[in-house]
Peer 1: 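One structure follows; several queries about it will come next.
Excluded from the calculations below are hydrogen atoms, water molecules and symmetry mates; all remaining heavy atoms, backbone and side chain alike, are included.
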Amino acid sequence: YMKYDDTLSGIILNGYGGIAFETNGTNERLRIDSSGRVLINRTSSRAIAGDNAKLQIENPSSGLLTLLRTSNDGDAAYLAIAKSRSAAGAACQSGDEIGRVTFVPHDGTDLNHHAAEIRGYVDTGIGSNDTPGYLTFHTNAGTTTTTERLRIKSDGGMRLQKSDGNGNFTISRNASVTTTDQPIGVIDFASNTAHTVQARVMGKTRGTSNVGGDLVFEARANGGRLDE
């Protein structure tokens with residue numbers, strides 16, 4: 001039923017079993033089910049990542065959700081994921097997970113196991129207007145759970161980790177290099193706000209067969225240039 005509410009100063013639309021919206025005849029586009037879930041392009045809730053979300057959007061193509069900001073300035077549209085320890089507002093604690101982006105493929109049984117994740121956590125030292133945090137990146141090597149592989153710490157440091165075998169980091173130039181002494185990959189060590197490179201480690205080709213290489217170290221003398 002539909003009624004006017006004096007407290008709300010507006011209209012209340014109530015359907016005890018849910019409410020559906022149709023366009024172009026009887027083509028259902030949106031449904032609010034009896035549990036308060038908003039379903040777009042679905043008529044019943046689907047469990048994904050172990051939960052039946054409050055907002056569910058499905059589409060057979062890639063166009064599911066877009067965010068556009070149209071202000072005449074340099075500011076961006078953004079998506080905020082927030083965490084509080086109470087509905088009234090209570091401070092988080094170190095180690096609290098703030099939010100995550102999860103990638104879930106159908107495994108032939110369901111949509112409840114993660115292939116990869118990006119998580120955000122509260123770090124030590126949270127206080128009024130002071131919110132240190134770190135990001136972790138997780139992948140699944142072929143089990144029911146993911147494992148942390150990379151962490152960007154609150155101080156900007158990075159930690160690469162692997163639970164078995166040696167940790168590895170590969171820099172690859174994805175093209176054939178047919179001339180000798182050509183850079184393949186570079187690691188720079190920089191300082192100051194201009195990020196001036198003070199030292200460099202560089203991989204270079206040796207010969208023209210794509211199978212030989214040198215490791216080159218360069219450093220900058222005081223006020224000078226980078227020299228090998």
Side-chain angles (χ1 to χ4, degrees), residues 2 8 10-92 95-123 126 131-154 158:
M2 182 171 62
L8 181 64
I11 295 174
I12 292 178
L13 185 64
N14 192 328
Y16 287 103
I19 301 171
F21 297 84
E22 299 176 347
T23 64
N24 194 26
T26 58
N27 295 305
E28 183 175 323
R29 308 301 187 187
L30 183 147
R31 175 178 295 215
I32 303 174
D33 70 11
S34 58
S35 297
R37 294 180 288 248
V38 178
L39 314 176
I40 300 177
N41 211 28
R42 275 199 62 76
T43 58
S44 61
S45 178
R46 186 196 297 271
I48 297 178
D51 197 9
N52 287 272
K54 285 297 186 181
L55 173 62
Q56 301 178 34
I57 306 173
E58 287 196 18
N59 202 36
S61 64
S62 297
L64 287 142
L65 175 66
T66 60
L67 303 173
L68 172 66
R69 178 169 178 158
T70 58
S71 56
N72 186 21
D73 53 38
D75 296 329
Y78 63 88
L79 178 65
I81 301 176
K83 160 75 176 177
S84 173
R85 282 203 162 217
S86 77
C92 293
D96 284 359
E97 185 178 350
I98 305 165
R100 70 174 69 178
V101 179
T102 302
F103 303 90
V104 184
H106 201 293
D107 58 11
T109 301
D110 53 35
L111 285 157
N112 289 327
H113 296 94
H114 309 167
E117 297 175 303
I118 302 172
R119 304 180 187 179
Y121 290 89
V122 178
D123 208 351
I126 187 171
T131 53
Y134 58 91
L135 282 175
T136 61
F137 297 78
H138 304 242
T139 62
N140 188 328
T143 67
T144 58
T145 60
T146 61
T147 301
E148 182 181 334
R149 308 300 187 186
L150 174 69
R151 179 175 298 201
I152 303 177
K153 301 192 293 183
S154 58
M158 296 179 64

Peer 1: Please enumerate all residues that pass side chain to side chain contact (heavy atoms under 4.5 Å, CB included) together with A20, with sequence neighbours excluded.
Peer 2: E28, R31
Peer 1: Once you round to the nearest 0.5 Å, how far does CG of L65 lie from CG of L79?
Peer 2: 7.5 Å
Peer 1: Under the side chain to side chain donor-acceptor pair (under 3.5 Å) test, which residues partner E22, sequence neighbours left out?
Peer 2: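 With neighbours one apart ignored, the set is empty.
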Peer 1: Can you name the nearest heavy-atom pair linking T139 to R149, along with the distance?
Peer 2: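 That would be OG1-NE, 2.8 Å.
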Peer 1: Given 3.5 Å as the limit, does a donor-acceptor pair link the side chain of S35 with the main chain of R37, or not?
Peer 2: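 Looks like no, no N/O pair under 3.5 Å.
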Peer 1: At what distance, to the nearest 0.5 angstrom, does CG of N41 lie from CD of Q56?
Peer 2: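 These two atoms lie 12.0 Å from each other.
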Peer 1: Are side-chain N/O atoms of T146 and E117 paired as donor and acceptor at under 3.5 Å?
Peer 2: yes
Peer 1: What I want to check is whether the side chains of S71 and R69 have a donor and an acceptor closer together than 3.5 Å.
Peer 2: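 On atom types as modelled, these side chains qualify, holding a pair under 3.5 Å.
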Peer 1: In Å, rounded to the nearest 0.5 Å, how long is the span from CD1 of I19 to CG of N14?
Peer 2: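 So the CD1 of I19 and the CG of N14 are separated by 6.5 Å.
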Peer 1: Is any side-chain heavy atom of I152 closer than 4.5 Å to a side-chain heavy atom of F137?
Peer 2: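 Yes; the side chains approach each other to less than 4.5 Å.
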Peer 1: Sequence neighbours left out, what pairs pass salt bridge (charged side-chain N to carboxylate O under 4.0 Å, His left out) with at least one residue falling in residues 52-61?
Peer 2: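 Of all non-adjacent pairs touching residues 52-61, those that pass salt bridge (charged side-chain N to carboxylate O under 4.0 Å, His left out) are R42-E58, R46-E58.
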Peer 1: Return the minimal non-hydrogen interatomic distance between C92 and I126, and the atom names on each side.
Peer 2: O-CG2, 3.5 Å
Peer 1: Roughly how far apart are L135 CG and I118 CD1, rounded to 0.5 Å?
Peer 2: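 Result: 7.5 Å between the selected atoms.
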Peer 1: So, taking the atom named CG in D33 and the one named CG in N52, what distance separates them when rounded to the nearest 0.5 Å?
Peer 2: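 Rounded to the nearest 0.5 Å, the CG-CG separation comes to 8.5 Å.
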Peer 1: What closest approach, in Å, do Y121 and T136 show between heavy atoms, and which atom pair accounts for it?
Peer 2: CE1-OG1, 3.5 Å
Peer 1: Is any side-chain heavy atom of K83 closer than 4.5 Å to one of V122?
Peer 2: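 Sidechains of K83 and V122: no contact.
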Peer 1: Could you tell me which non-hydrogen atom of K153 sits nearest to which non-hydrogen atom of Y134, and how far apart they are?
Peer 2: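 Between these two residues, the closest heavy atoms are CA-CB, 3.9 Å.
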Peer 1: Taking N112 for the side chain and G50 for the main chain, is one N or O donor matched with an acceptor at less than 3.5 Å?
Peer 2: yes
Peer 1: Say whether, by atom type as modelled, one donor and one acceptor occur between the side chain of S84 and the main chain of A90 under 3.5 angstrom.
Peer 2: yes
Peer 1: Within the side chain of H106, is there an N or O that forms a donor-acceptor pair under 3.5 Å with the backbone of G108?
Peer 2: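 Side chain of H106 to backbone of G108, a donor-acceptor pair under 3.5 Å: yes, one is there.
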Peer 1: Can you name the closest pair of heavy atoms from V104 and L111 and give their distance?
Peer 2: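 Looks like CG1-O, 3.1 Å.
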Peer 1: Of the non-hydrogen atoms in N140 and T143, which two are nearest, and what is the gap between them?
Peer 2: OD1-N, 2.7 Å
Peer 1: If you measure from CD1 on I40 to CG on L64, what distance do you get to the nearest 0.5 Å?
Peer 2: 9.5 Å
Peer 1: Does S62 offer a backbone N or O that forms a donor-acceptor pair with the side chain of N59 under 3.5 Å?
Peer 2: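 No; judged by distance alone, with no hydrogens or angles, the pair does not exist.
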Peer 1: For the CG atom on N72, are there more than 12 heavy atoms of other groups (residues, nucleotides or ligands in this structure) within a distance under 6.0 Å?
Peer 2: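 At most 12 heavy atoms, drawn from other residues, nucleotides or ligands, come within 6.0 Å of this atom.
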